[in-house]
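The analysis underlying the following values was restricted to heavy atoms, covering all of them including side chains, and did not include hydrogens, waters or symmetry mates.
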Amino acid sequence: MSRILNSIVAVCPDMGIGKNGNLPWHPIRLSNEFKHFQKMTMTPLVEGKKNVVLMGRKTWFSIPAANRPLKNRINIVLSRELKTAPEGAHYLASDFSSALHLLDSSELEKQVDQVWIIGGSALYKEVMESSGPRRLFVTRVLKQFDCDTFIPDININKYKLLPEFPGVPTGLQEENGVQYVFEVYESTDH
């Protein structure tokens, strides 16, 4: 089944997404940006179904233990090292293609609505460079913070910026002195 793969990420101007396993702006909190992330990843379009959040092992362990698994979502962790799903995770897949096969399994196929990729950098890169229908939900933080983890630039030959998207706020946002904008890109190569 060809489902849309949604990636959601907040980036600095240099495409940095993390520092020392945290968000680059830590300890500054962007509560409304986080609420946007929660709303987008948690809200299925089909009643009675759940969304999936796909993440790498490091992303899983960067979530405070009290907040794992991300509630009201099916949490799938990708890891080549782990042999069993980490405590709290619903499923473990050895890689991205295994995770996609898992979604099409009879056990999950009827439960799953949207698929959200939430990190880290290697997984974002793989999805951004894959084929098929994809959307990138990008929060562009308009201030540079020190980063040690990055994603590739968005290839304008593969993605187009949408003028608006249902449920995504438009215009300049600001919290705790940090300005950002929400952008949604859709793949053009499907």
Would Tyr91 and Val127 show up in the same hydrophobic cluster when neighbours are defined by side-chain heavy atoms closer than 4.5 Å? yes
How long is the span from the OH atom in Tyr185 to the CG atom in Leu161, to the nearest 0.5 Å? 4.5 Å
Of all heavy-atom pairs linking Pro13 and Val141, the shortest is CD-O, 3.2 Å
Heavy atoms, side chains only, cut-off 4.5 Å: are Met15 and Arg140 in contact? yes
Distance (rounded to the nearest 0.5 Å) between Asp189 CG and Arg134 CZ: 4.5 Å
Can you name the closest pair of heavy atoms from Cys12 and Trp25 and give their distance? SG-CZ3, 4.0 Å
Please lay out, stage by stage, how Leu103 and Ile76 fare under the test side chain to side chain contact (heavy atoms under 4.5 Å, CB included). CA-CA 10 Å; Leu103 295 174; Ile76 301 177; 3.8 Å; yes
Nearest-0.5 Å distance, NE2 of residue His90 to CD of residue Gln111: 10.0 Å
Determine whether Ile118 and Phe37 satisfy the following criterion, side chain to side chain contact (heavy atoms under 4.5 Å, CB included), listing intermediate values before the conclusion. CA-CA 9 Å; Ile118 65 168; Phe37 167 86; 3.6 Å; yes
Is Leu5 close to Phe96 at the side-chain level, that is, under 4.5 Å between some pair of heavy atoms? yes
Test Arg68 against Asn75 for side chain to side chain contact (heavy atoms under 4.5 Å, CB included), laying out the working first. CA-CA 9 Å; Arg68 297 192 305 247; Asn75 289 230; over 6 Å; no
Just how far is it from atom CG of Asp113 to atom CZ of Arg3, taken to the nearest 0.5 Å? 8.5 Å
Taking atom NZ of Lys143 as the centre, does the number of heavy atoms from other residues, nucleotides or ligands within less than 6.0 Å exceed 12? no
Side-chain contact, heavy-atom cut-off 4.5 Å: Leu108 with Val52? no
Testing the basics here: between Pro152 and Lys125, what is the closest heavy-atom pair and its distance to 0.1 Å? CG-CG, 3.7 Å
Look at the aromatic rings of Trp116 and Phe137 and report parallel, tilted or perpendicular, splitting at 30° and 60°. tilted
Is there a path of hydrophobic side-chain contacts, each under 4.5 Å between heavy atoms of I, L, V, M, F, W or Y residues, that connects Val115 with Leu70? no
Ignoring hydrogens and geometry, is there a side-chain-to-backbone donor-acceptor pair from Asn20 to Asn22 under 3.5 Å? no
Between the side chain of Gln114 and the main-chain N/O of Asn6, is any donor-acceptor distance below 3.5 Å? no
Applying a strict under-4.5 Å side-chain criterion to I, L, V, M, F, W and Y, I'd like to know whether Val184 and Tyr124 cluster together. no
Between the side chain of Lys19 and the main-chain N/O of Phe145, is any donor-acceptor distance below 3.5 Å? no
Could you tell me whether the side chain of Val11 reaches within less than 4.5 Å of the side chain of Val9, counting heavy atoms only? yes
If you look at every heavy atom in Val181 and Gly171, which pair is closest and at what distance? CG1-O, 3.8 Å
Distance (rounded to the nearest 0.5 Å) between Met128 CE and Lys158 NZ: 9.5 Å
Should Ser98 and Asp95 be marked as a side chain to side chain contact (heavy atoms under 4.5 Å, CB included) after you check the CA-CA gap, both sets of side-chain angles, and the distance that decides it? CA-CA 5 Å; Ser98 302; Asp95 55 34; 2.7 Å; yes
Asn51 side chain near Thr41 side chain, heavy-atom distance below 4.5 Å: no
Validation: residues 53-63 side-chain donor-acceptor distances under 3.5 Å, sequence neighbours left out:
unit_1	atom_1	unit_2	atom_2	d
Thr59	OG1	Gly120	N	3.0
Ser62	OG	Thr59	O	2.7

Looking at Asn176 and Ile28, what are the two nearest heavy atoms and their distance? CB-CG2, 3.8 Å
Nearest 0.5 Å please: distance from the CD1 atom of Ile8 over to the NE2 atom of His36. 4.5 Å
Grab the two heavy atoms, one from Ala10 and one from Ile17, that are nearest each other, plus how far apart they are. O-CG2, 3.6 Å
Determine whether a donor-acceptor pair (N or O, by modelled atom type, separation under 3.5 Å) exists between the side chain of Gln173 and the backbone of Thr170. yes
In terms of hydrophobic clusters joined by side-chain contacts under 4.5 Å, are Met40 and Met42 together? no
Would you please classify the geometry between the Tyr180 ring and the Phe182 ring as parallel, tilted or perpendicular, with 30° and 60° separating the classes? perpendicular
Shared hydrophobic cluster for Leu78 and Val112 (ILVMFWY, side-chain gaps under 4.5 Å): yes
Take a 6.0 Å sphere around CD1 of Ile156 and say whether it holds more than 12 heavy atoms from other residues, nucleotides or ligands. no
Who are the salt bridge (charged side-chain N to carboxylate O under 4.0 Å, His left out) partners of Arg29, not counting sequence neighbours? none
Residues which pass side chain to side chain donor-acceptor pair (under 3.5 Å) with Glu33, listed by chain and number, not counting sequence neighbours: Thr139
